Amino acid sequence: INQSRKNWGSPMMFPYRMERVRPIIPATSPQPISPGQCVLYWMSRDTRVQDNWAFIHAQRMALQARVPLLACFCLVPKYLGAPLRHFQFLLGGLVEVQKECSQLNIPFHMLIGFAKDVLPQFLKDKNVGLLVNDFSPLKGPMSWMNEAKERMDGTVAWDQVDAHNIVPCWTASDKEEYGARTLRSKIHKVKDRYLTPFPAIVKHPYSMIEEMPQIDWVACEASLEVDRSIGAVDWAKAGTSHSLVTLHSFITKRLPNYGKRNDPNVPALSQLSPWFHYGQISVARAILETEQAAKDKPSLRAGFDTFFEEAVIRRELSDNFCFYNSNYDNIDGAKPWAKQTLLAHMKDKRPILYTFKELEECRTADDLWNAAQMQMNREGKCHGFMRMYWAKKILEWTENPQQALEFSIKLNDKYSLDGRDPNGYVGCMWSICGTHDQGWAEREVFGKIRYMNYNGCKRKFDVAGFVSKYSKY
Ligand code: FAD
């Protein structure tokens, strides 16, 4: 991987696709950075150094202006009910980022607090001429940005880069797409323009006068106001280095089975979603490597094509939905047909009602559902097929669709390492509100929303085998 990057020389030599960049505060002059200033990359969604178009843009601009380059992360005390498990994964990844930055002569700062409280002063202290940040379509990160912008005096130019998607979200489509079918053709049309090798972030030749900052990681963790009872999981270690190990084991061991990915007893999935979520690995890197593997070994081609569909089309569809639909996490975000059918069946008698606590503690009468929830609690990730069954049952067992959505999002965000992600909101909306799906035969409670049941799972895979793995704590 390193060699494939080095072939490009410095990011200055690389033809950068400027559509990846959108100005948040446009520069008032053609050269926004004057001598004595620097460029700052505010890292948030994409917590990696290499294979990161936001970092590459920041370094290009700094090299062009012959000024130092800095990076920072704003650590908020809490976020959407995420417990210590998720923050440890984030911080573990940032430890690697800091080390790599200091080797590359790029001071990396941890700013403790919300951007609005820490960033404006930091920009002044460091005499920043250009701020670069990465893109997220979610309301939380958008509000961190907007609040920080309000407190800035408008003299610092600010560029935002979509470093998460292969095709920049705003370029792929200018509206909420109807489904995978409509986005697929748009992405395939321009894919070769954006799925290119990455230039490396190189050792930065212009230095700050300051020393490389030391970070007190213990103090960072202590600053959090989170549930500390849900801790790290064994199988997923934080950081880009571990993401690359997981990518390698996917290509060599699980990709050949990817066609069987709907059987939760078969190790077929990439398992990359926690690292994708935190941006510790770029999806484009995973695609470039799996594509190369499929070129070298044609038997992997079918697996690669399906992986592309999931990791690019489905995932970028989730970003599209959250970017263009501000009701991405509630029933008002559903299409009219889905809202109508759910409303028509709102009063239908549910077979049984469970409280949030009963669900969280895996105490339903359905052993398969309990096993899925237990997998999420214990491993910080539930199998993709089981997630659909899991959310659909919540629709059946709660007072109304809005409550089903609230419970499923809250459980997913709390226990899943990859939660609090556009994919999570869209996954719950797909299961409960038919988002990106079609109407099916009408039935009690579900209306025309696609139905799944226990017997259907029994026909597809060894239910008892799956349950036995997650029957006890
Ligand atoms: P792989 O099959 O190896 O997929 C590779 C990547 O493709 C994933 O990491 C993901 O980025 C993307 N992908 C796969 N399936 C989907 C999908 N259906 N929609 C969008 N992108 C997809 N995914 C999350 O990343 N975070 C979540 O919080 C999340 N919550 C979900 C909740 C529900 C109710 C449902 C039905 C789905 C949810 N998904 C979520 C989507 C999907 O189940 C996971 O992406 C997948 O299980 C992650 O495991 P993996 O990386 O091993 O999957």
Side-chain angles (χ1 to χ4, degrees), residues 45 80-82 86 89 138 164-166 177 179-180 183-184 187 235-236 243 246-247 249-251 253-255 257-264 266-287 289-290 303-322 328-329 369 372-373 375-376 379-395 404-437 449-450 452:
R45 190 187 195 193
L80 297 174
H86 308 339
F89 197 85
L138 298 183
H164 216 74
N165 293 299
I166 290 177
E177 288 295 327
L183 186 65
R184 189 178 298 118
I187 288 194
W235 72 273
S243 74
T246 308
L247 174 60
S249 71
F250 172 52
I251 292 173
K253 299 199 178 107
R254 299 186 296 283
L255 185 57
N257 291 333
Y258 202 65
K260 298 186 194 140
R261 73 193 189 292
N262 280 340
D263 182 339
V266 177
L269 302 185
S270 70
Q271 300 288 21
L272 283 166
S273 59
W275 293 277
F276 282 160
H277 168 71
Y278 287 99
Q280 292 176 0
I281 184 174
S282 133
V283 172
R285 169 59 60 200
I287 292 293
E289 298 305 315
T290 42
F304 166 73
D305 288 342
T306 317
F307 182 64
F308 187 93
E309 174 70 18
E310 300 289 8
V312 183
I313 308 296
R314 291 274 160 188
R315 198 187 45 76
E316 302 204 356
L317 182 63
S318 301
D319 262 41
N320 168 278
F321 183 70
C322 294
Y328 60 73
D329 54 357
W369 192 93
Q373 181 64 48
Q375 187 183 32
M376 201 184 285
E379 298 177 0
K381 182 173 181 286
C382 174
H383 187 275
F385 180 84
M386 290 312 304
R387 276 177 140 159
M388 299 190 258
Y389 178 76
W390 170 87
K392 288 193 175 283
K393 284 282 144 187
I394 299 180
L395 173 58
L405 211 46
E406 275 166 28
F407 282 10
S408 56
I409 288 176
K410 202 168 156 194
L411 286 170
N412 192 45
D413 282 0
K414 181 168 176 183
Y415 289 98
S416 302
L417 277 169
D418 61 13
R420 305 152 314 286
D421 189 278
N423 282 345
Y425 302 119
V426 171
C428 292
M429 289 290 283
W430 178 88
S431 309
I432 294 166
C433 297
T435 296
H436 301 147
D437 202 1
I449 304 295
R450 185 197 295 250
M452 282 171 81

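We count ligands from 1, going down the list as the structure has it; atoms in each ligand are counted the same way. Residue numbers count from 1 along this sequence. Just so you know, these numbers come straight off a predicted model, no measurement behind them. Every heavy atom of this structure was used, including side-chain atoms; hydrogens, water molecules and symmetry mates were not.
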Student: Which of these, His86, Arg387, His277, sits in a side chain to side chain donor-acceptor pair (under 3.5 Å) with Ser416?
Tutor: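 Only one of His86, Arg387, His277 forms a side chain to side chain donor-acceptor pair (under 3.5 Å) with Ser416, namely Arg387.
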
Student: Taking heavy atoms and a distance under 4.0 Å, where does Arg261 meet ligand 1: side chain, backbone, both or neither?
Tutor: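 Within the 4.0 Å criterion, Arg261 makes no contact with ligand 1.
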
Student: Which bit of Ala391 gets closer than 4.0 Å to ligand 1, counting heavy atoms only: side chain, backbone, both or neither?
Tutor: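 Only the side chain of Ala391 comes within reach of ligand 1.
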
Student: Counting heavy atoms only, which of Glu310, Met388, Arg387, Arg420 comes nearest to atom 46 (C) of ligand 1?
Tutor: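 Ranked by closest heavy atom to atom 46 (C) of ligand 1, first place is Arg387.
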
Student: Which ligand 1 atoms does Tyr258 reach within 4.0 Å, using its non-hydrogen atoms?
Tutor: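 Atoms satisfying the 4.0 Å criterion: 1 (P), 2 (O), 3 (O), 4 (O).
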
Student: Among Arg314, Glu309, Arg315, which one puts a heavy atom closest to atom 17 (C) of ligand 1?
Tutor: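 Nearest option to atom 17 (C) of ligand 1, by heavy atoms: Arg314.
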
Student: Check each of Asp421, Asn423, Leu317, Asn262 against atom 23 (N) of ligand 1 and report the one with the nearest heavy atom.
Tutor: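 Considering heavy atoms of Asp421, Asn423, Leu317, Asn262, the nearest to atom 23 (N) of ligand 1 sits in Asn423.
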
Student: When you look for heavy atoms under 4.0 Å from ligand 1, do you find them on the side chain of Phe250, its backbone, both, or neither?
Tutor: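 No part of Phe250 comes within reach of ligand 1.
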
Student: What I'd like to find out is whether the side chain of Trp235 reaches to under 4.5 Å of the side chain of Glu379, using heavy atoms alone.
Tutor: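 Yes - at least one pair of side-chain heavy atoms lies under 4.5 Å apart.
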
Student: Which one holds for Asp413 and ligand 1: side chain close, backbone close, both close, or neither close, with close meaning a heavy atom under 4.0 Å?
Tutor: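 It is neither; nothing of Asp413 touches ligand 1.
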
Student: Taking the side chain as every heavy atom from C-beta outward, state whether Thr246 and Ile281 have any pair of such atoms under 4.5 Å apart.
Tutor: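 The answer is no, as the side chains (C-beta and beyond) never meet within the 4.5 Å cut-off.
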
Student: With heavy-atom distances below 4.0 Å as the criterion, list the atoms of ligand 1 near Ser318.
Tutor: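 Numbered from 1, ligand 1 contributes 20 (C).
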
Student: Output yes when the distance from some N or O of ligand 1 to some N or O of Trp390 is under 3.5 Å, and no in every other case.
Tutor: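 It does not: no N or O of Trp390 is found under 3.5 Å from an N or O of ligand 1.
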
Student: So which heavy atom in the protein is nearest atom 50 (P) of ligand 1, and how far is it from that ligand atom?
Tutor: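 Protein heavy atom with the smallest distance to atom 50 (P) of ligand 1: Lys381 NZ, 3.6 Å.
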
Student: May I ask you to identify the nearest protein heavy atom to atom 35 (C) of ligand 1, giving residue, atom name and distance to one decimal place in Å?
Tutor: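 Here the nearest protein heavy atom works out to Gly427 CA, 3.5 Å.
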
Student: Side chains of Arg315 and His164: closer than 4.5 Å at any heavy-atom pair?
Tutor: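 Arg315 reaches His164 side chain to side chain.
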
Student: Does either side chain, that of Tyr258 or that of Asp305, offer a donor lying less than 3.5 Å from an acceptor on the other one?
Tutor: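 Judged by distance alone, the side chains do not pair up.
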
Student: Go through ligand 1 atom by atom and flag the ones less than 4.0 Å from a non-hydrogen atom of Ser270.
Tutor: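 Answer for ligand 1: 1 (P), 3 (O), 5 (C), 50 (P), 51 (O), 52 (O).
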
Student: If you round to the nearest 0.5 Å, how far is NE2 of His436 from CD of Glu177?
Tutor: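 Rounded to the nearest 0.5 Å, the CD-NE2 separation comes out at 8.5 Å.
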
Student: Using the ring of each side chain (for Trp, its six-membered ring), is Trp369 parallel, tilted or perpendicular to Trp390, with breaks at 30° and 60°?
Tutor: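 Because their plane-to-plane angle is under 30°, the rings of Trp369 and Trp390 count as parallel.
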
Student: Could you tell me whether Ser273 approaches ligand 1 through its side chain, its backbone, both or neither, with non-hydrogen atoms closer than 4.0 Å?
Tutor: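 Near ligand 1, Ser273 shows its backbone as well as its side chain.
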
Student: Would you confirm whether Glu309, through its side chain, and Ala180, through its main-chain N or O, come within 3.5 Å as a donor-acceptor pair?
Tutor: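 Side chain of Glu309 to backbone of Ala180: no pair is present.
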
Student: State the CE-OG distance between Met429 and Ser318, to the nearest 0.5 angstrom.
Tutor: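 Interatomic distance, Met429 CE to Ser318 OG, rounded to 0.5 Å: 11.5 Å.
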
Student: Just heavy atoms, cut-off under 4.0 Å: does Trp430 contact ligand 1 by side chain, backbone, both, or neither?
Tutor: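 For Trp430, there is no contact with ligand 1 at all, from either part.
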
Student: What's the separation between atom CZ in Phe307 and atom CG in Leu269, rounded to the nearest 0.5 Å?
Tutor: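 Going from the CZ atom of Phe307 to the CG atom of Leu269 covers 10.0 Å.
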
Student: Polar contacts were defined as any N/O atom of the residue lying under 3.5 Å from an N/O atom of the ligand; does this apply to Asp418 and ligand 1?
Tutor: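 So ligand 1 has an N or O lying under 3.5 Å from an N or O of Asp418.
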
Student: Distance-only, no hydrogens or angles: does the Asp413 side chain make a donor-acceptor pair with backbone N or O of Arg420 under 3.5 Å?
Tutor: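 Yes, Asp413 side chain to Arg420 backbone: donor-acceptor pair under 3.5 Å.
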
Student: Which of the numbered atoms in ligand 1 are below 4.0 angstrom from a heavy atom of Gly419?
Tutor: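 So the atoms of ligand 1 that pass are 28 (O).
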
Student: Would you check if the side chain of Lys392 reaches a backbone N or O of Ser431 as a donor-acceptor pair within less than 3.5 Å?
Tutor: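 Yes; at least one donor-acceptor contact below 3.5 Å.
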
Student: Where on Ala311 is there a heavy atom closer than 4.0 Å to ligand 1, on the side chain, on the backbone, on both, or on neither?
Tutor: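 Both the backbone and the side chain of Ala311 come within reach of ligand 1.
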
Student: Find all atoms of ligand 1 within a distance of less than 4.0 Å from any non-hydrogen atom belonging to Gly424, and give their numbers and elements.
Tutor: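 Reading through ligand 1 atom by atom, the close ones are 26 (N), 27 (C), 28 (O), 29 (C), 30 (N), 31 (C).
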
Student: Regarding Arg285 and Ser243, is there a side-chain donor-to-acceptor distance under 3.5 Å anywhere?
Tutor: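 No, no side-chain donor-acceptor pair sits under 3.5 Å.
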
Student: What about Ser431: any of its N or O atoms under 3.5 Å from an N or O on ligand 1?
Tutor: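 For ligand 1, there is no N or O atom that lies under 3.5 Å from one belonging to Ser431.
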
Student: Identify, by atom number and element, the atoms of ligand 1 in contact range of Phe307, meaning under 4.0 Å from any of its heavy atoms.
Tutor: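 Near Phe307, the atoms of ligand 1 are 5 (C).
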
Student: Can you figure out which of Asn412, Leu411, Val312 has its heavy atom closest to atom 30 (N) of ligand 1?
Tutor: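 Heavy atom nearest to atom 30 (N) of ligand 1 belongs to Asn412.
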
Student: How about Arg450: does its CZ atom have over 12 heavy atoms from other parts shown lying under 6.0 Å from it?
Tutor: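 Yes, because the 6.0 Å sphere around CZ of Arg450 holds more than 12 heavy atoms from other groups.
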
Student: What's the shortest distance from atom 52 (O) of ligand 1 to any protein heavy atom, and which residue and atom give it?
Tutor: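 I find the closest protein heavy atom is Gln271 N, 2.7 Å.
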
Student: Tell me which protein heavy atom sits closest to atom 47 (O) of ligand 1, plus the residue, atom name and distance to 0.1 Å.
Tutor: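 Of every protein heavy atom, Gly384 CA, 3.3 Å lies nearest to atom 47 (O) of ligand 1.
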
